[in-house]
Each structure stands twice: as structure tokens, then as C-alpha cells.
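First the structure, in the form of C-alpha cells, and then the observations on it.
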Amino acid sequence: MANEEVDKVIGIINDVRIGMVATQSQGRLVSRPLTVIDVKEDGDLWFFSTAQSDIVREFETQGLVNVSFSGNKEWVSVSGRASVVRDVAKKKELWNPMVETFATDGPESPDTVLLRVDSESAEYWKNPGGAASLVAGWVKHKLTGKNAEPGDSNTVQL
């Protein structure tokens, strides 16, 4: 059962690909969109960034992060520990042509780094009917008093 639940989380992430990465910065929460480069079988997430960016400083000074992915019919929120990886071999392993659009110096450059989220838990929601079924559920509740059945959801330890 646990592997099936982890597979659901990974499937949603792979479908959506762009996550809003939330960190703490100067006493407030900030979120930035980043494209996930790789999702491991244990749910760990990998992103590329430039070494001088604010998010790198926040990953280095703040231990906890949250990454949320939002699709039309499915959503996931991942909580984990942040780290910055400068290993050239790992950068080469995960490198792809899409990364070149913002990291023009290549994987060997010290200005190109990896951001790793060691995922600890994730909460997901799946609604096959999408937003329309959520509205229909709300109408059903207003007319009949019966609760909506929004779909599948669970919290998963990674």
C-alpha cells in the first residue's frame, strides 16, 4: 500500500513538473516556481539553480522547505529538508537541454548548483472531475446537505 501511495505522489509531480518551492526569507515565507529535474523513487526532488540566487542562500540557512504542485485534477504538497549540491558529476547526470536556458555556463560551472529536497512527507489530492466536480459537490451540499465526495487524498511518509 505504501509504495502505491508513493507512486501516486511521484506520478502527480511528474505530470505537473513545476513546483512552487516555499522557503523562509527574512522572517517571511516566499515561494518560487521551479521545474523539477528529477524525482527519485523515495520522493526526493532535484532542481537546478544559480549559485548566487536568494533561494540557494535560503536552502543553505533554512532546513525546511515545502514544494507544492498544482494540476487541473491533482495536487501534492511535499515537506522536506533542503540542501545545495555542487557535485559536478551529479550535475552532469541530471543535466538536460532545458536547463541551458537559464544556466548557460553548463554543469561544470561553479555558478550552476543543484537544489535537493529530501522529502519527508507528502499530502496529495486527486479529483478526476477537476474543478467542475468541486463546484457540483458544493451545489449538491447546498441543495441536499450531503457532503461532497472530492476524490482521493492521503498523507504519505517518504
Consider only side-chain N and O atoms of Glu58 and Ser25, and report whether a donor and an acceptor are under 3.5 Å apart.
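Side chains of Glu58 and Ser25: pair found under 3.5 Å.
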
Less than 3.5 Å apart, any donor N or O on the side chain of Thr112 or Asp105 sitting next to an acceptor on the other?
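No pair is found: no donor N or O on one side chain lies under 3.5 Å from an acceptor on the other.
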
Side-chain ([X]) to main-chain ([Y]) donor-acceptor, under 3.5 angstrom:
X: Ser119; Y: Ser121; result: no
X: Lys8; Y: Ser153; result: no
X: Arg32; Y: Met20; result: no
X: Asn127; Y: Lys73; result: no
X: Ser53; Y: Thr50; result: yes
X: Thr104; Y: Glu100; result: no

Using every non-hydrogen atom in the two residues, find where [X] and [Y] come nearest and quote the distance to one decimal.
X: Pro110; Y: Ala51; value: O-CB, 3.6 Å
X: Ala103; Y: Trp95; value: O-CH2, 3.3 Å
X: Ser49; Y: Ile55; value: OG-CG2, 3.7 Å
X: Ala82; Y: Phe59; value: CB-CD2, 3.3 Å
X: Val88; Y: Pro107; value: CG1-O, 4.2 Å
X: Val76; Y: Ala122; value: CG2-CB, 4.1 Å

Do Asp44 and Val117 pass the side chain to side chain contact (heavy atoms under 4.5 Å, CB included) test, and can you show the C-alpha distance, the side-chain angles, and the key distance before you say yes or no?
CA-CA 6 Å; Asp44 288 354; Val117 176; over 6 Å; no

Under a 4.5 Å cut-off applied to non-hydrogen side-chain atoms, are [X] and [Y] in contact?
X: Val21; Y: Leu45; value: no
X: Ser77; Y: Asn66; value: yes
X: Val85; Y: Val113; value: no
X: Ile12; Y: Lys126; value: yes
X: Gln157; Y: Glu120; value: no
X: Phe48; Y: Leu115; value: no
X: Arg81; Y: Val65; value: no
X: Ile18; Y: Leu34; value: no

Does a sphere of radius 6.0 Å around NZ in Lys40 hold more than 12 heavy atoms from other residues, nucleotides or ligands, not counting ones at 6.0 Å or beyond?
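Counting neighbours around NZ of Lys40, more than 12 heavy atoms of other residues, nucleotides or ligands fall under 6.0 Å, so yes.
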
For the pair Lys92 and Glu108, find out whether any cationic side-chain nitrogen is under 4.0 Å from an anionic carboxylate oxygen.
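Glu108 and Lys92: salt-bridged.
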
Atom pair [atom1]/[atom2] of [X] and [Y] - distance to nearest 0.5 Å:
X: Arg28; Y: Thr23; atom1: CZ; atom2: OG1; answer: 9.0 Å
X: Met98; Y: Arg17; atom1: CE; atom2: CZ; answer: 10.0 Å
X: Leu29; Y: Gln24; atom1: CG; atom2: CD; answer: 5.5 Å
X: Glu93; Y: Asp87; atom1: CD; atom2: CG; answer: 9.0 Å
X: Asp118; Y: Leu64; atom1: CG; atom2: CG; answer: 11.5 Å

Do the numbers put Lys90 on top of the ring of Trp46, so that NZ or CZ is under 6.0 Å from the six-membered ring centre and no more than 45° off the axis?
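Because its charged atom sits under 6.0 Å from the ring centre and within 45° of the axis, Lys90 does stack over Trp46.
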
Start with the C-alpha gap between Glu5 and Thr155, add the side-chain angles, then the distance that decides, and say whether side chain to side chain contact (heavy atoms under 4.5 Å, CB included) holds.
CA-CA 9 Å; Glu5 296 296 291; Thr155 299; over 6 Å; no

Residues Arg116, Phe47; criterion side chain to side chain contact (heavy atoms under 4.5 Å, CB included); working and verdict
CA-CA 7 Å; Arg116 178 179 178 174; Phe47 306 89; over 6 Å; no

Show your working on side chain to side chain contact (heavy atoms under 4.5 Å, CB included) between Val84 and Leu114 and close with a plain yes or no.
CA-CA 6 Å; Val84 177; Leu114 286 164; over 6 Å; no

